[in-house]
Amino acid sequence: MSSVVYFSSMKSNYHKSPLNKIKKLANRAGITDLYEKDEIVALKVHFGELGNTAFLRPIFLRPILEILNRVKAKPFLTDTNTLYTGMRTNSVDHLHNAMLNGFNYSTLQVPVIIADGLRGENSVNIPIPNAIVCESAKIATDIANADKLFVVSHFKGHEMTGFGGALKNLAMGCASREGKMDMHSDVRPSVNAHKCTACGRCKIVCNWGAITISKTATIDDKCTGCAKCIATCPETAIQSDFDVSCDMLQQRIVEYASAVHSHYTKPPVYINILTSIVPACDCHDGNDAPMIHDIGFMSSTDPVAIDKASYDIINQTAGKDLFQEAWPHLDPTDQFKHAERIKFGSLEYKLVDVDK
Ligand code: SF4
Ligand code: SF4
């Protein structure tokens with residue numbers, strides 16, 4: 001069965017604010033029916049790594065927050081700590097990063113909560129419907145415990161998945177560090193002996209007794225892959241070995257996305273922002289020029305359909321597959337193929353242009 005995806009073009013005259021378009025899209029997707037008084041709503045975004053300028057513009061969230069406040073829901077902005085070491089590895093640095101990039105109370109009048117705890121240790125397991133490659137999804141506690149979820153995604157390219165949109169934001173974006181490790185790696189993290197000073201901090205945080213310290217730290221096969229030690233090391237000597245193939249990574253992402261999507265009593269509303277469509281992820285501390293001009297905005301309650309519609313409209317406008325061209329070593333449509341395999345969402349959609 002096909003899903004409905006609402007679209008509003010970036011094209012406009014100068015009297016029409018793009019913010020009104022986002023408001024219209026949120027309303028058409030059913031925001032006032034799906035979110036209710038006193039419900040705590042996790043508004044999932046990606047704050048963008050410090051130095052990147054392509055990430056979601058905070059002001060695009062204002063019309064959504066206005067509506068959620070009007071229905072007297074209790075929204076909070078959220079993201080999760082990263083698997084790699086950077087400015088978003090622990091909640092303290094992450095909040096600094098978010099504030100500096102404009103996601104703060106003085107700009108948006110909404111609390112900001114990093115959903116998986118100080119060092120990404122707060123994780124709950126939730127079931128995955130029709131799972132084939134994962135056992136369960138390890139999701140950030142404060143996202144799983146929210147009454148509802150609302151997902152706003154900057155649609156752009158991605159070096160390991162071809163593109164990143166709603167599915168990736170739901171999966172990698174809502175997973176705890178353990179969940180990210182689960183998707184990215186089949187092996188335990190490794191220690192860079194040249195960087196390790198044998199300080200022993202990683203051994204203290206490892207609940208599984210998997211770390212021994214002699215001249216350097218070593219990790220043995222008692223390791224469960226919780227990834228807690230990665231954020232603890234002051235020398236950034238511990239890293240995940242991102243060893244999973246791009247097609248397997250995409251399959252795991254889709255299964256995690258399916259788990260998060262079906263976790264709530266009503267489906268989340270998804271908004272995709274099709275502006276600053278750069279080749280790579282907003283996790284980098286820099287970015288390339290956009291591959292195409294700004295296209296507009298979409299909304300839906302089906303994360304598969306909205307990503308397929310976003311992917312299609314960008315490539316139809318370009319007259320070629322920009323994502324495949326940017327990342328020829330992978331197939332960006334693997335996410336769609338696996339969604340179909342596990343009967344998650346719909347690849348068929350009806351695109352409704354709300355400008356008409
Ligand atoms: S925390 Fe880092 S530097 Fe300290 S022992 Fe562990 S790996 Fe080595
Ligand atoms: S990943 Fe977790 S279990 Fe493995 S060594 Fe690090 S802290 Fe211990």
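Just so you know, ligand 1 is whichever comes first in the structure, and atom 1 is the first atom listed for that ligand.
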Check your understanding: Are any side-chain N or O atoms of T80 and backbone N or O atoms of S176, one a donor and one an acceptor, separated by less than 3.5 Å?
Key -> no
**Study point:** Under 3.5 Å donor-acceptor, K180 side chain and T82 backbone
**Key:** no
Check your understanding: Going by the atom numbers of ligand 2, which of them fall below 4.0 Å from some non-hydrogen atom of I211?
Key -> 5 (S)
Study note, to complete from the structure: Within a distance under 2.8 Å of atom 4 (Fe) of ligand 1, the protein atoms of type N, O or S are C199 SG
Review point. Are any of the side-chain nitrogens in K337 or D331 under 4.0 Å away from the carboxylate oxygens of its partner?
Key: yes
Point to revise | Y349, F323, F155 screened by ring-ring contact (aromatic ring centres under 6.0 Å, His included) with Y311, the one that passes | key: F323
Check your understanding: Is a side-chain N or O of N125 found less than 3.5 angstrom from the main chain of S136, in a donor-acceptor match?
Key -> no
Point to revise | Short side-chain to backbone donor-acceptor contact, N52 and H284, under 3.5 Å | key: yes
Study note, to complete from the structure: Contact region, I238 to ligand 1, non-hydrogen atoms below 4.0 Å, reads side chain
Check your understanding: Do you know which of I40, L34, L43, T265 makes side chain to side chain contact (heavy atoms under 4.5 Å, CB included) with K148?
Key -> T265
Check your understanding: Can any side-chain N or O of Q239 pair as donor or acceptor with the backbone N or O of T236 at less than 3.5 Å?
Key -> no
Review point. Is there side-chain contact between I143 and D116, with at least one heavy-atom pair below 4.5 Å?
Key: no
Exercise for review: Look at the side chain of S299 and the backbone N and O of L25, then say whether any donor-acceptor pair between them is shorter than 3.5 Å.
Suggested key: yes
**Study point:** Y35 side chain to L149 backbone, donor-acceptor under 3.5 Å
**Key:** yes
Practice item. Could you pull out the N/O/S protein atoms under 2.8 Å of atom 2 (Fe) of ligand 2, ignoring any water? Key: C226 SG
Study note, to complete from the structure: A student checking ligand 2 against I219 at a 4.0 Å heavy-atom cut-off should list atoms 5 (S)
